[in-house]
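Have a look at the structure below, then the notes.
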Amino acid sequence: MSKRAKKNEQEAGDGDHDNGTAPAAKKGKKVKEPEAPILYSDPPDKMNSKDGRAANMKITSWNVDGLRAWVKKKGLDWVRDEAPDVLCLQETKCAEKSLPDEITSMPEFPHKYWAGSDEKEGYSGVAMLCKTEPLKVTYGIGKEEHDKEGRVITAEFPTFFLVTAYVPNSGRGLVRLDYRKTWDVEFKAYLSDLDKRKPLVLCGDLNVAHEEIDLKNSKGNKKNAGFTAEEREGFNQLLAAGFTDSFRELYPEQANAYTFWTYMMNSRSKNVGWRLDYFVLSSALLPGLCDSKIRNQAMGSDHCPITLHMVV
């Protein structure tokens, strides 16, 4: 492992990122006063589209970093207060047979769908919980290489598809960057094929901070997973295929709005973070976009939830 890699090493996990926080000063050196953190305050929800229609669909997405631990941390209490029509979860790290009763028995969501890794217990995994039964639900993207890790669930509703995804992390030392580049191409093709049938909402942990505004320490992370030129270009290509980052559509200049903070170095309290979680919309759905929220006060994971208000 290189010196740089050692310096940036994080706790084990599929979704780790360098938080860009400098190491402690050596003894005898004058310690620079820490900067006051620049926090982000989620503004009041906009419940109407630009053309004045009232939102009638609310979707929440959350990388829970281990569903069983998240349930114990009262994550479901927050979900009940938020009351989305659909709840999408990523990095559940839990086989269906091991799901806690607290979530499998939720009457608020009578229709529940789970996907997990075929080969690794406690790795990856996504879920989708719906108030209304979808017309159809499918798992994966039709590519065995990717689908064995349990990263995608797609639900078809009358007027749109909803796709929740936990995109592969390129890993420490970028050991999976080549795999990630292949994923980006094939996932884009999958989404484009869906979009030909009806418009879609993609939500989840996409494991990329798209632009420098989307993470605290852009200069120090250009060779780290989640902010490489290759991963950012993969996201560029997705947008070029006719999709839109809903948060940036509504808040193009908003800085310091993050959805992930490493547990190390008090990063969350300092707001040293990354925006890795997204609602990406087909262009046909943009007229119905009302708001794209970052619920950064919700605790229980190293990610916070995000919520989409839209007209469908």
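Note: the hydrophobic cluster containing F260 does not contain L67 (ILVMFWY, side chain heavy atoms under 4.5 Å, direct or indirect links). The hydrophobic clustering, which links ILVMFWY residues whose side-chain heavy atoms are closer than 4.5 Å, places F279 and F160 together. Hydrophobic clustering (side-chain heavy atoms under 4.5 Å, transitive across Ile, Leu, Val, Met, Phe, Trp, Tyr) keeps L286 apart from V311. A single hydrophobic cluster is seen to contain both M310 and M128, as judged by linkage of ILVMFWY side chains at heavy-atom distances under 4.5 Å, directly or through other members. Neither M299 nor I306 shares a network with the other; the hydrophobic side chains, linked directly or stepwise wherever heavy atoms of I, L, V, M, F, W or Y lie under 4.5 Å apart, form separate groups for each.
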(message) Under the criterion side-chain hydrogen bond (donor to acceptor under 3.5 Å, both in side chains), I'd like the reasoning laid out for H309 against N48: C-alpha separation, chi angles, the key distance, then a yes or no.
(response) CA-CA 8 Å; H309 293 292; N48 293 90; over 6 Å; no

(request) Could you please spell out the steps behind the side-chain contact (heavy atoms from CB on, under 4.5 Å) verdict for H111 and L129? (result) CA-CA 6 Å; H111 311 285; L129 289 74; over 6 Å; no

(request) Using the side-chain contact (heavy atoms from CB on, under 4.5 Å) rule, take V79 and F109 through it: C-alpha gap first, then chi angles, then the decisive distance, then the call. (result) CA-CA 11 Å; V79 169; F109 300 107; 4.0 Å; yes

(request) Assess whether salt bridge (charged side-chain N to carboxylate O under 4.0 Å, His left out) is satisfied between E233 and K181, documenting all intermediate values. (result) CA-CA 9 Å; E233 179 57 24; K181 288 159 64 177; over 6 Å; no

(request) Take D45 and R295 through the test salt bridge (charged side-chain N to carboxylate O under 4.0 Å, His left out) and record every step on the way to the result. (result) CA-CA 11 Å; D45 294 17; R295 307 297 201 198; 2.7 Å; yes

(message) Applying salt bridge (charged side-chain N to carboxylate O under 4.0 Å, His left out) to E133 and K112, what does each step give before you reach the verdict?
(response) CA-CA 9 Å; E133 186 175 11; K112 306 176 184 70; over 6 Å; no

(request) Before giving the answer on side-chain hydrogen bond (donor to acceptor under 3.5 Å, both in side chains), spell out for Y251 and D291 the whole-Å C-alpha distance, their side-chain angles and the decisive distance to 0.1 Å. (result) CA-CA 10 Å; Y251 306 102; D291 212 349; 2.7 Å; yes

(request) For W70 and L76, run side-chain contact (heavy atoms from CB on, under 4.5 Å): C-alpha distance rounded to whole Å, both residues' side-chain angles, the deciding distance at 0.1 Å, then the answer. (result) CA-CA 8 Å; W70 172 78; L76 289 176; 3.7 Å; yes

(message) Does L308 form a side-chain contact (heavy atoms from CB on, under 4.5 Å) with K293? I'd like the steps, not just the answer.
(response) CA-CA 6 Å; L308 179 74; K293 312 302 297 172; over 6 Å; no

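Not one N or O on the side chain of K188 forms a donor-acceptor pair closer than 3.5 Å with the backbone of L239. With hydrogens and angles disregarded, a donor-acceptor distance shorter than 3.5 Å links the side chain of N271 to the backbone of N256. Side-chain N or O atoms of N296 include one that pairs as donor or acceptor with a backbone N or O of Y40 at under 3.5 Å. Side-chain atoms of D214 never come within 3.5 Å of backbone atoms of W274 as a donor-acceptor pair (strictly under, hydrogens ignored). Of the possible donor and acceptor atoms, none in the side chain of S282 sits under 3.5 Å from a partner among the backbone N and O of A284. Between the side chain of S267 and the main chain of W261, no donor-acceptor pair closer than 3.5 Å is present. Side-chain atoms of S269 come within 3.5 Å of backbone atoms of N266 as a donor-acceptor pair (strictly under, hydrogens ignored). Although no hydrogens or angles enter the test, the distance criterion places no donor-acceptor pair under 3.5 Å between the side chain of D195 and the main chain of L191. With hydrogens and angles disregarded, a donor-acceptor distance shorter than 3.5 Å links the side chain of T259 to the backbone of L276. Proximity of a side-chain donor or acceptor of T244 to a complementary backbone N or O of S246 within less than 3.5 Å is not detected.
Side-chain atoms of P134 and E156, non-hydrogen and from C-beta on, never get closer than 4.5 Å to each other. Looking only at side-chain heavy atoms (C-beta outward), T154 and L194 come within less than 4.5 Å of each other. With a 4.5 Å cut-off on side-chain heavy atoms, V201 and F157 do not count as touching. Inter-residue side-chain proximity for I59 and D85 is flagged as unmet; no heavy-atom pair is nearer than 4.5 Å. Contact check for I153 versus Y139: side-chain heavy atoms found under the 4.5 Å cut-off. Using a 4.5 Å heavy-atom cutoff, the side chains of L89 and L87 are in contact. In this structure the side chain of E249 reaches within 4.5 angstrom of the side chain of L289, judged on heavy atoms. Side-chain contact between R180 and V167 is present, with heavy atoms from C-beta onward closer than 4.5 Å.
Ion pairing of R176 with E149 is present here, as a side-chain N (NZ or NE/NH1/NH2) and a carboxylate O approach within less than 4.0 Å. Salt-bridge check for K93 with E91: passed, with a basic side-chain N closer than 4.0 Å to an acidic carboxylate O.
For K72, the NZ atom counts as loosely surrounded, since its 6.0 Å shell holds 12 or fewer non-hydrogen atoms of other residues, nucleotides or ligands. Residue K143 qualifies as open at atom NZ: its count of foreign heavy atoms under 6.0 Å is 12 or below.
For the salt bridge (Lys or Arg N to Asp or Glu O under 4.0 Å) with E212, the lone residue among K222, K219, R275 that qualifies is K222.
The two residues G140 and D147 make their nearest non-hydrogen contact at CA-OD1, 3.2 Å. Pairing each heavy atom of V126 with each of R151, the nearest pair is CG1-O, 3.6 Å.
Atom CZ in R68 sits 12.0 Å away from atom CD in E102 (nearest 0.5 Å). We find the CD1-CD distance between I103 and E108 to be 10.5 Å, quoted to the nearest 0.5 Å. Interatomic distance, L215 CG to N217 CG, rounded to the nearest 0.5 Å: 7.0 Å. Taken from CG in D193 to CZ in R197, the straight-line distance is 9.0 Å, to the nearest 0.5 Å.
W62 and W78 have perpendicular rings, their planes meeting at more than 60° on a 0 to 90° scale where under 30° would count as parallel.
Other residues sharing a hydrophobic cluster with L174 under the 4.5 Å side-chain heavy-atom criterion for ILVMFWY residues are L177.
Less than 6.0 angstrom separates the ring centroid of Y278 from the ring centroid of F235. Aromatic ring centres of H146 and F187: separated by at least 6.0 Å.
Relative to the ring axis of Y263, R268 does not place its NZ or CZ within 45° and under 6.0 Å from the centre.
By the side chain to side chain contact (heavy atoms under 4.5 Å, CB included) test, D101 is found to be paired with T104, residues two or more places apart in sequence or in another chain being considered.
A side-chain N or O of D277 and one of H303 form a donor-acceptor pair less than 3.5 Å apart.
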